[in-house]
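Have a look at the structure below before the remarks.
For this chain, numbers begin at 1 and follow the sequence in order. Both counts, for ligands and for their atoms, begin at 1 and track the order of listing. No hydrogens, no waters, no symmetry mates; every other heavy atom, side chains included, goes into these values.
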Amino acid sequence: MHLLSLSRLASVVAAAGLAASLTVPAAAQPAEQRTAAVIQPAPPGRLEIFSWWTTGGEAAGLNALFDIYRAQNPGVEIVNATVAGGAGSNAKAVLKTRMLGGDPPDSFQVHMGHELIDTWVTTGYMEPLDSLYEEMGFNTAFPQGVLDIVSYQGHPYSVPVNIHRANVLWYNQQVFADAGLQAPRTFDEFFAVADALQARGITPLALGDKDTFESVQLLETTLLGTLGPEAYKGLWTGETSWSDPGVTQALATMKRMLSYTNADHAGVTWDQADDLVISGKAGMTIMGDWTDGDFTAKHFTSYGYVPTPGTTGVYDALADTFGLPKGAKDRPQVLNWLRTIGTAEAQDAFNPLKGAIPANINAGSGQYDPYLQSAMADWRSNTIVPSLAHGAAASEGWLTSISDAVTVFVTRQDVAATQQALVQSAIDAGVG
Ligand code: GAL
C-alpha cells in the first residue's frame, strides 16, 4: 500500500521569511502503514524535559510521553522540569535565564514559528536536526507547512508533537439547553446569547487572564472573526495596517465582550475559567483546545464547541515542539526523546489526553474524542492562520509589546489609545 498523498495547500502567514503554506494530510494512515524506525535504548543516565504542562490534561499527556520513553529507555531517569503558567507565561522567562546562563535543559517546549526561530535558532542556541529527521522519516511525516516553520535555512530545528487550535468557543450544553440557546457563530449571536445568559444570572463568558495570554488570545480571535483570515494574516506581514477600521471594530467588540465576563478574571487562570463553565456558573469560555484536555481530565463531558464568532472555516493554529539546545548535558538521551515524540504512536498516546491533534500525518487512530475528530477534519479543510498568543505569528518581542497593550486595554478599555499602541508595536517590530 502507498502513503496517502498530502491533500492540499492551505495558506498561512508569510511573515518574516516563514512558510507561506501549510500542507495538511488527507487522513491518518492505518497503523500497519506507519514507518516504525527502531529506536535503540539510550545509555543509562538522565533526561531533563522543560515545559509548562502542569494542568490536568497537560500533565496527563506529558506523562503518557514519559511512559513511552521510559519503556524504551529503561535506564534513563526523567527529570520533569515544569514551570506552571499557561502559554509559558512564567516558563519562558526561566528558560531564558537558563539558556543565557549556559544551563540549558536537555529539551524544552517551544512553539513552532517565530518563538522557535527568532528567539532560539537565529540567535545560535539550537542544533539542527537534519540527520535525526532523515533517520526517523520525519521529512515526510509532518505536513510541509509545519516542516517549513520548524526549519530555518532548510534545516529542521525541532520536532512538533501536536497541532493546537486557538479559536474555539466552549459552552456548557446543559446551561444552553435550559435556556433554549444555540451556540453562537457570529458576534451578533454571541451578544444575544450573552444577554440571555446574563438575564438568568449566569456569567456569559468565563475569562481567566491572570497569565495575560488569555486576553491576548481573546483579541486574536476577535481580530480574526472581524477581519477574516486574509486581512488577519496581513497584520503579521504589514499588508494589513494596524490602523485599519477593522482593528478599531475588533477592539470595540472585545471591549463589549469584556463586559460579559466574570469580575474576578484578573485573578483567574484559563483552567479555572474552565471550572466556571463546568459548574454552570458561566455559559461559555474562549480558549484553545487544551480546554478539551482539561475537560477530559476533569471528567466533564456536557460541553459543546464551535469556532469563535466569525471564524467558522478558519483554523487558528499553533504547535508545541521540542528541540536540541547546544550544550545539552544528556545528548543520547535527548536524541531518543526527540525520536520518540515525533512518532505516530507517541502522538496518538499524547494528543487525546492533551486535547490536540497529531502533527504526524501517519497518526490519528488513537482514542480521539468527538471534538478532536472534528478538529482533525477541520485541519484538513479549513483556512489555516497562525496564532499570535502562542508564538506562531509574531516574534516574542512583538508579542510582549502587544500583550502589554492588551493588559492596559483590559483595565482602561480605551479603544483609540490601544489601537495607537498596537500601531506602534508593529512599527517597533519592523512591520507596518
Ligand atoms: C499553549 C500551549 C499548549 C497549552 C496552553 C496552556 O501555549 O501550546 O500546549 O499548554 O499553552 O498552557
Are H265 and K210 linked by a side-chain donor-acceptor pair shorter than 3.5 Å? no
List by chain and number: which residues place a heavy atom under 4.0 Å from ligand 1? W52, W53, E58, G86, A87, Q109, H111, H164, W270, W290, L318, D320, K354, H390
Identify, with sequence neighbours excluded, every residue that meets ring pair (Phe, Tyr, Trp, His ring centres under 6.0 Å) alongside W53. F322, F350
Quick note, side-chain hydrogen bond (donor to acceptor under 3.5 Å, both in side chains) partners involving residues 308-319, not counting sequence neighbours, are N167-T311, R185-T312, T308-T311
Residue list, ring pair (Phe, Tyr, Trp, His ring centres under 6.0 Å) with Y260, at least two apart or on another chain: F191
With a 3.5 Å cut-off and no angle check, do the side chains of Q109 and D320 form a donor-acceptor pair? yes
Would you say L258 and L218 make side-chain contact, with heavy atoms under 4.5 Å? yes
